[in-house]
2 protein chains.
Amino acid sequence: MKTKKDVTIYDLAKQLNYAPSTISRALKDHKSISQKTIIRVKEVAAQMGYRPNSLAASLRNNKSKTIGIMISRISRPFISSLISGIEESARKSGYNVIISQSNDLYKNEIQNAKALYDSRISGLVVSLSMETKKLNHFQQFIDLGIPIVFVDRVPKGLDTYKVLIDNYSAAYKATQHLIEQGCKRIAHFAGAQHVNVYHERKKGYLDALKDNKIPVDKNLIINFETLSFEEGEKATKELFNMSNPPDGIFSANDTAAVAAIMTAKKIGVRVPEDLAIIGFNDDPISSIVDPGLSTVTHPATDMGRISADKILDHMINGYKSNNTDTTILGTHIIVRNSSKRK
Amino acid sequence: MKTKKDVTIYDLAKQLNYAPSTISRALKDHKSISQKTIIRVKEVAAQMGYRPNSLAASLRNNKSKTIGIMISRISRPFISSLISGIEESARKSGYNVIISQSNDLYKNEIQNAKALYDSRISGLVVSLSMETKKLNHFQQFIDLGIPIVFVDRVPKGLDTYKVLIDNYSAAYKATQHLIEQGCKRIAHFAGAQHVNVYHERKKGYLDALKDNKIPVDKNLIINFETLSFEEGEKATKELFNMSNPPDGIFSANDTAAVAAIMTAKKIGVRVPEDLAIIGFNDDPISSIVDPGLSTVTHPATDMGRISADKILDHMINGYKSNNTDTTILGTHIIVRNSSKRK
DNA sequence: TAAATTACCGAAATCGTTTTCGCCGATAAA
DNA sequence: TTTATCGGCGAAAACGATTTCGGTAATTTA
């Protein structure tokens, strides 16, 4: 098989009787090169089919114009929208995006951090794995001044960029909504509490109850491992085996909430009349399930765009005086039929 | 801010009184280096915190141990699962994965091809944009001997690897299924016919009708632009404004099929009694909608894994005698309540 | 007219690995 | 003993772009 040779700036230099340095400058519109030469160089470059070798440039500059992404699983709606936003914003600025999924395993996350480090990414966007508690594997980036943006699942105590939503007040509003619909006994599908988002959501739930003088019943707070569909089914059945079942559920994600809707229907509990349900994320399934699932928006694509922009800005301006730059995005409740009683 | 300096093989060489070449070889277990030195080098490397600079290696080898991915939109269930499979397989072999989405626009696809080319990817996995008809932008990879794997939406006439399903017979089976359920007038939600998968699915539909001696009614074949939810709603309404509406729908994707289910319910058409529906892809929504949507499996993650493996194998073995290597994966029908009449 | 800019461009080092030769001494074969 | 062979390693040239110093000629200023 015939593999053509790439044409380099040296080939252009020879062809045009210029030094490679001149070619390099001309191609990037360096001001000390005359317009005439710039145009000639670009003409010949196009005509000879010159393509820049970004590896060479990256090596020289020791940064590769790529943004690394570390997430749990690509095939979750929130995550894929997040990536979509990052990619869109990055590519506009000529950056590539390289992704790695941890499958929510700590040891994968460490491996991926190594691999991304070795590729000399110029910035990193991270949504932590469910297992992650230690953060040593991020120190290598910090030491080299590589900007990190934590998104959604963020750690505390690391001076980096952070992009997230106000989980506490979103959860508060969601719970408040159920209360306004007349719910007196509201259950909560809670995620792993060492993960910030689930911790905050539970706090919001608890405070909404307190502020409305509704007693907290520990039996109504179900601790989930992964908030999967199966866990949602199981939890719903168990709740309705109780002598005093709930009349509302606030689930920390949509998957479990949808499971609750479907399970409730199956066991003859009417939604929303007997049981009002609200979820979190606004996944596609929430508008498909019948009745439609009320939920909290999660601006995934925007969060991705903003995360990429943080890194892009950082590349231009360097560290701001204040390294700890946290962006909190707004959310709102979408009321569908799963909670609409009035 | 303090940016530590990277430690290179030169630093190791100095420390150990070896030549850089020896270090390089020792680190990759080159056979002409003694076991003793290999061990010593690795020890010191670990202890000094040496991290390989893959950019330098890539430049030297003119290939970057990364697989490029070109797809329409990440946030489609099929696509995100596909990427997931690619990433999983690639990372196992120490390859990175860099993604670019075209948003189904031809001009983006061309831009992305350029960007990926410039990054010296070692292989490319492509699912074509909906708009793409010309394929010139792939020639640059072929000229350099960079393997391309087309997945799902594949072109004809290019000698590359291809991974897809048998859309024709899957569609045939889906249509046959509706017929077996007693449908006499089966509509088809057809995708853009220049896209192979939609073309094949339509052919399968047509042939199934013919083989069962069911007359083809052109009014029952709806040509969609993008097979979106909105298009699905509109098409369903129109079908039931006809004097002689269908009693079955085979949709070329799940999104439009789910729209059909929900619209049918809204306008008082019973599913599956009055209207049996089957989709394509087995998206998450298909098991959530009520009644559950019968559909055809689409082994997205497997297709991703296989695509990555094609490239990985290619890197080891080079071109096979036969460049045109097409892998066809099996699919099967999932029967849910949207089509179950018996 | 002399001095000082300014406009354009070139030489060469550099980024960190990989790899092609080849060298030297030691062992094995003749 | 002589000739091959081989194990273990080093020197140095790549890979392709960027960038720091300059340098020369043309232009402007004094």
Side-chain angles (χ1 to χ4, degrees), chain A residues 3-42 44-45 48-66 94 117-122 144 315, chain B residues 3-42 44-45 48-66 94 117-122 144 315:
Chain A
T3 57
K4 287 185 197 166
K5 222 23 185 122
D6 275 11
V7 15
T8 74
I9 57 170
Y10 286 88
D11 301 326
L12 297 182
K14 212 167 293 172
Q15 179 73 18
L16 283 157
N17 264 326
Y18 278 126
S21 41
T22 303
I23 307 293
S24 170
R25 284 187 268 242
L27 288 171
K28 6 195 58 178
D29 294 310
H30 194 286
K31 57 173 182 277
S32 78
I33 304 291
S34 75
Q35 271 308 312
K36 255 198 307 191
T37 11
I38 291 189
I39 293 180
R40 274 193 59 205
V41 168
K42 288 192 177 171
V44 176
M48 290 181 63
Y50 167 78
R51 308 299 306 279
N53 186 325
S54 38
L55 286 177
S58 299
L59 174 59
R60 176 60 222 248
N61 302 326
N62 202 35
K63 53 166 182 142
S64 65
K65 278 217 169 202
T66 77
Y117 180 92
D118 293 348
S119 339
R120 265 55 179 182
I121 53 171
S122 33
L144 279 186
M315 300 316 297
Chain B
T3 56
K4 287 185 197 165
K5 214 41 175 108
D6 275 10
V7 14
T8 74
I9 57 171
Y10 283 89
D11 302 326
L12 297 182
K14 213 167 294 172
Q15 179 73 18
L16 283 157
N17 264 326
Y18 277 127
S21 41
T22 302
I23 307 293
S24 171
R25 284 188 268 242
L27 287 172
K28 6 197 57 177
D29 294 309
H30 194 284
K31 58 174 183 274
S32 78
I33 303 291
S34 74
Q35 271 307 311
K36 254 198 307 190
T37 15
I38 291 189
I39 294 180
R40 273 192 60 205
V41 168
K42 288 192 177 171
V44 176
M48 291 181 64
Y50 168 78
R51 307 301 305 280
N53 186 325
S54 38
L55 286 177
S58 299
L59 174 59
R60 175 59 222 247
N61 302 325
N62 203 33
K63 55 166 181 143
S64 65
K65 278 216 171 203
T66 77
Y117 180 91
D118 293 348
S119 324
R120 266 51 179 185
I121 53 172
S122 33
L144 280 187
M315 299 317 296

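FYI, side chains are in, hydrogens and waters are out, and symmetry mates aren't considered; it's all heavy atoms of this structure. Proteins get letters first, then strands, A, B, ... in listed order; numbering begins at 1 in each.
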Asks: I want to check one thing: is the phosphate of C:dC9, taken as OP1 and OP2, less than 4.0 Å away from some side-chain N or O of A:S34?
Replies: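 Result: yes.
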Asks: When all nucleic acid strands are considered with a 4.0 Å heavy-atom cut-off, which category describes B:S54: base, sugar-phosphate, or nothing?
Replies: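 It contacts nothing in the nucleic acid.
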Asks: If you look at every strand shown and take non-hydrogen atoms under 4.0 Å, does A:D118 touch a base, only sugar-phosphate, or nothing?
Replies: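 Nothing, no heavy atom under 4.0 Å.
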Asks: Roughly, in whole Å, what's the span from CZ in B:R40 to P in D:dG8?
Replies: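 Value for this atom pair: 15 Å.
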Asks: Rounded to whole angstroms, how far apart are CG on A:L16 and P on C:dG10?
Replies: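 Answer to the nearest Å: 10 Å.
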Asks: So what does A:T37 touch, heavy atoms closer than 4.0 Å: a base, only the sugar-phosphate, or nothing?
Replies: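 Sugar-phosphate: the residue A:T37, judged by heavy atoms under 4.0 Å, touches backbone atoms but no base.
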Asks: Would you check if the side chain of A:S24 reaches a backbone N or O of A:P20 as a donor-acceptor pair within less than 3.5 Å?
Replies: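 No, A:S24 side chain to A:P20 backbone: no donor-acceptor pair under 3.5 Å.
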Asks: Counting C-beta onward and ignoring hydrogens, is there a side-chain heavy-atom pair between B:N53 and A:L59 closer than 4.5 Å?
Replies: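 Of all side-chain heavy-atom pairs linking A:L59 with B:N53, at least one is under 4.5 Å.
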Asks: Is there a side-chain polar atom (N or O) of A:Y10 under 4.0 Å from OP1 or OP2 of D:dA17?
Replies: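 For A:Y10, the contact criterion (side-chain N or O under 4.0 Å from OP1 or OP2 of D:dA17) is not met.
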Asks: Pick base, sugar-phosphate or nothing for B:D11, based on heavy-atom distances below 4.0 Å to the nucleic acid.
Replies: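 Nothing, no heavy atom under 4.0 Å.
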Asks: Mind checking if A:N53 touches a base, just sugar-phosphate, or nothing, with heavy atoms under 4.0 Å?
Replies: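 Sugar-phosphate only.
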Asks: Would you call B:Y50 and B:V41 a side-chain contact if the rule is heavy atoms closer than 4.5 Å?
Replies: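 The answer is no, as the side chains (C-beta and beyond) never meet within the 4.5 Å cut-off.
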Asks: With sugar-phosphate meaning primed atoms plus P, OP1 and OP2, does B:R120 contact a base, only sugar-phosphate, or nothing at under 4.0 Å between heavy atoms?
Replies: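 It contacts nothing in the nucleic acid.
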Asks: Taking all non-hydrogen atoms of both residues, which atom of A:L12 and which atom of A:I23 are closest, and how far apart?
Replies: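 Distance-wise, the nearest heavy atoms are CD1-CG2, 3.8 Å.
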Asks: In whole angstroms, how far is the C1' atom of C:dT19 from the CG atom of B:N62?
Replies: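 Atom CG in B:N62 sits about 15 Å away from atom C1' in C:dT19.
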Asks: Identify whether any heavy atom of B:S32 sits under 4.0 Å from a base atom; if not, whether one sits that close to sugar-phosphate; answer base, sugar-phosphate or nothing.
Replies: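 It contacts base atoms.
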Asks: Closer to the 5' end of DNA chain D via nearest nucleotide, is it B:I23 or A:R60?
Replies: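 Nearest-nucleotide comparison on DNA chain D picks B:I23.
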Asks: Taking the side chain from B:S122 and the backbone from B:K63, do they hold a donor-acceptor pair closer than 3.5 Å?
Replies: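 Not a single qualifying donor-acceptor pair exists.
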Asks: With a cut-off of less than 4.0 Å, is there a side-chain N or O of A:N17 near OP1 or OP2 of C:dG10?
Replies: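 Looking at the OP1 and OP2 atoms of C:dG10, neither is under 4.0 Å from any side-chain N or O of A:N17.
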Asks: Take B:A56 and B:P20, find for each the nucleotide of DNA chain D with the closest heavy atom, and name the residue whose nucleotide sits nearer the 5' end.
Replies: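 Its nearest nucleotide being more 5', the pick is B:P20.
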Asks: Going by the rule salt bridge (Lys or Arg N to Asp or Glu O under 4.0 Å), which residues pair with A:D118 if we only count those two or more places apart in sequence or in a different chain?
Replies: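 Once residues adjacent in sequence are excluded, the partners of A:D118 under the salt bridge (Lys or Arg N to Asp or Glu O under 4.0 Å) criterion are B:R51.
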Asks: Does D:dT18 have OP1 or OP2 sitting under 4.0 Å from an N or O in the side chain of A:S24?
Replies: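 So the side-chain polar atoms of A:S24 do come within 4.0 Å of the phosphate oxygens OP1 or OP2 of D:dT18, strictly under.
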Asks: So which protein nitrogen or oxygen atoms get under 3.5 Å of nucleotides 20-29 of chain D's nitrogens or oxygens?
Replies:
| residue | atom | partner | partner atom | Å |
| --- | --- | --- | --- | --- |
| D:dT20 | O4 | A:R25 | NH1 | 3.2 |

Asks: Does a nitrogen or oxygen in the side chain of B:Y18 sit under 4.0 Å from OP1 or OP2 of D:dC9?
Replies: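 Affirmative; the distance criterion is met.
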Asks: Over how many whole Å does the gap from B:I39 atom CD1 to D:dG8 atom P extend?
Replies: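 These atoms are roughly 13 Å apart.
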Asks: For B:K14 and D:dG10, what is the distance between atoms NZ and P respectively, to the nearest whole Å?
Replies: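 Nearest whole value for this atom pair: 15 Å.
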Asks: So does B:Y10 get a backbone contact from the side chain of B:T8, meaning a donor-acceptor N/O pair under 3.5 Å?
Replies: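 Yes.
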Asks: Does the side chain of A:K28 get closer than 4.0 angstrom to OP1 or OP2 of D:dT18 through an N or O atom?
Replies: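 Yes.
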